[in-house]
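Written below as structure tokens is the structure these notes are about.
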Amino acid sequence: MFSFKIATRFLRFSLGQTILIVAGIAIGVSVQVFIGLLIQGLQKDLVDTTIGNSSQITVRPARGENNIEDWEMIFNEIEQNQEGIRALSPSADGPAFVLGEDRGDSVLVRGFQFDDAEGIYSFNEKIMEGFMPDPGEVMVGETLKDELDLALGEEIELATAEGKTEKYRISGFFDFKVANINATWILTTLDTAQELFGLDKSVTAIEMQVEDVFLADTIGGQIEELIDNEKIVVENWKDQNQELLSGLNGQSISSIMIQVFVMVSVILGISSVLAITVMQKSKEIGILKAMGIKDGTASRIFLVQGLLLGVFGAALGVALGLGLSVAFTKFAVNPDGSPIIALYINYGFIALSGGIAVLACLLASLIPARKSLKLNPIEVIRNG
Amino acid sequence: MADMIRLEKINKVYGEKIKTQVLFDIDLSFEKGSFNSIIGASGSGKSTLLNIIGTLDQPTSGKVFIGGNETSALGKKDLAVLRNKTLGFIFQFHYLLPEFTSFENVLMPHRIKGGPITKEIEDRANEIMDMVGLSAVKTNMANNMSGGQQQRTAIARALMNKPDIILADEPTGNLDSESTETVYKILRDINEKLETTFVIITHDRRIAEKADRIVEVKDGRIEMDIKR
Ligand SMILES: Nc1ncnc2c1ncn2[C@@H]1O[C@H](COP(=O)(O)OP(=O)(O)OP(=O)(O)O)[C@@H](O)[C@H]1O
Ligand SMILES: [Mg+2]
């Protein structure tokens, strides 16, 4: 293409200037990519620590009900018909007291089918000592262990509100890195908990994790419709973490603001530079017009220039931005060597940043392209 | 012989508020294949006239016919095509594109026409460049040549699309007398070989006298018109 050839020649001829423009665009794009990825990584970290190891959607008995009787039906229904669920696990939970000399601690006994629950709680990573409990056994948190001076293989006696007491062997200790959980949770198998609380075969909750955590409310609504049962309610983490959500939202908005301003300044920079190039090249354009170049072809020269500058600038900017992000995760680390903010590479976002930059350059080059339309060869020839 | 160029009652007025009339009711035509010169004092209106012939400028009133077509009836695109295929321009300054080599500059009108660069086209460009004595500098960038070489490149470029008409505005104004002589020989040669119509503005009476016809412009009117 003729205008492409001229455009590349123009760019190559004033190579220093071209490099400067490309560098300008690249820096803009890299700042955008870096800040964007950083904030997204930060948000992902935050969401992960908040809800990464907890139920994101929970089916509970409705007000007035104590348990979910036909839970297996509901469980199968969700498992088979609901999209977007990553993990699905029933639990039988109830409050209890630890009995013994000066032991009156109230605890939460949680009974799981551990194969299912692993997908939500990752227990295997959290065992400090011992093993997952078999029926008749329990696992206790680190904090409670220290408080009560417990040891593996010892027995612990629990009493329920109904007055039932039972002794269990301690199979292991866990550390959830959350003091409250470490102090109050006592884990056991589903059967054991059902028996302790006299639940028969029923459970008290069905817990879930979803593939896209931000869709938890939508999926929760779908589940409610799917099950259509007045004896249960469906809760989701979003409804229960409004503050976190509005915090994340505010962060997203300020990050978008930063990105918009970076982009605007890049566009202003490019368009003014491109506007100057049309002045610089007006002699050439004028003489090309005297030789019969069509106005459309002439203005396309500038569009192609804008496109090329945009593509190279964006590509370089993305590379630079990724490099910055990687460097940041390498150098900004916690004492244990793990990065303060984990690198989260969102390809969609990167492509979008690059795409916007290319589009912006194309837009910016519309100005010189239009200017070149008006350029009359006679001006050039008359004024030398 | 048929008229290649015909001007009818051309007037040109510059300026919006303060109007200065530069050309007055010019009637003038040039035959196909003729070699014409235009002379006249500085400011008499020669360049204005030539630019109007070349459709680079528009007359305030009057009509311009190129090869029988009235140019004011043509749209922008058709004018561009006319300039590309029918007209060749040589100016006092060469106006080569500095981003391209001498050879590429010569090919430029063909590229603008949109034709592919075939072996024949390259041969033709080479032939023209050899003819104007540029064999040695074909791959030089436009700025890395002497003034005379640049001007000859501009001439070669004007010839590339085999135009019917070549309009030249003081083409040798920046050259020494020897180069001037060479350039005119080249132009005259082309005129004879290809029957190209030439209209050349010059200050140099010796050059003008070698033309088939001398038109003298004075204060925007034709003062004298001599055919040999
Ligand atoms: N854009 C313009 N606006 C106003 N007046 C103009 C303009 N261009 C040219 N003129 C005037 O028109 C007259 C003719 O100019 P023109 O360039 O045609 O002269 P010329 O015969 O080519 O002179 P020279 O030999 O010096 O090149 C001059 O008086 C000039 O001042
Ligand atoms: Mg002049």
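Source: prediction; values computed, not measured. Proteins come first, then strands; the chains are lettered A, B, ... in the order of their sequence lines, and each starts at number 1.
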I want to check something: taking the side chain as every heavy atom from C-beta on, are A/Ile381 and B/Phe89 in contact at a cut-off of under 4.5 Å? no

Pick one of side chain, backbone, both or neither for A/Ile287, based on which atoms fall under 4.5 Å of a heavy atom in chain B. side chain

Output for pair (B/Ile112 CD1, A/Ile6 CD1), nearest 0.5 Å, gives 6.5 Å

Can any side-chain N or O of B/Tyr95 pair as donor or acceptor with the backbone N or O of A/Val380 at less than 3.5 Å? yes

Heavy-atom contact with chain A under 4.5 Å, split by part of B/Pro98: both

Counting neighbours of CZ on A/Phe4 that are heavy atoms of other residues, nucleotides or ligands and sit closer than 6.0 Å, is the number greater than 12? no

Could you check whether atom OH of B/Tyr14 has more than 12 heavy atoms from other residues, nucleotides or ligands sitting under 6.0 Å from it? yes

Step through the shown structure and confirm whether more than 12 heavy atoms of other residues, nucleotides or ligands are within 6.0 Å of CZ on A/Phe312. no

CD1 of A/Ile378 to CG of B/Asn51, rounded to nearest 0.5 Å, is 3.5 Å

Expected output: side-chain B/Arg111 to main-chain A/Phe2 donor-acceptor under 3.5 Å: no

Evaluate whether atom CG of B/Asp219 has more than 12 neighbouring non-hydrogen atoms of other residues, nucleotides or ligands under 6.0 angstrom away. no

Show your reasoning for whether side-chain contact (heavy atoms from CB on, under 4.5 Å) applies to A/Ile293 and B/Asn84. CA-CA 7 Å; A/Ile293 199 171; B/Asn84 180 246; over 6 Å; no

For B/Lys77, which atoms come within 4.5 Å of any heavy atom of chain A: side chain, backbone, both, or neither? both

Run A/Lys294 and B/Val81 through side-chain contact (heavy atoms from CB on, under 4.5 Å) and show every step you take. CA-CA 8 Å; A/Lys294 302 227 167 63; B/Val81 172; 3.8 Å; yes

Using heavy-atom distances under 4.5 Å, tell me whether B/Glu104 contacts chain A through its side chain, its backbone, both, or neither. side chain

Could you walk me through whether A/Met291 and B/Met108 pass the side-chain contact (heavy atoms from CB on, under 4.5 Å) check? CA-CA 8 Å; A/Met291 287 192 284; B/Met108 200 59 72; 3.8 Å; yes

For the residue pair A/Leu288 and B/Leu97, establish whether any side-chain heavy-atom pair is separated by less than 4.5 Å. yes

Considering all heavy atoms of both residues, which atom of B/Arg83 and which atom of A/Ala290 are nearest to each other, and what is their separation? CD-O, 3.5 Å

First locate atom CD of A/Glu284, then atom CG of B/Leu96, and finally report the distance between them rounded to the nearest 0.5 Å. 10.0 Å

Has A/Met1 got more than 12 heavy atoms of other residues, nucleotides or ligands less than 6.0 Å from its CE? yes

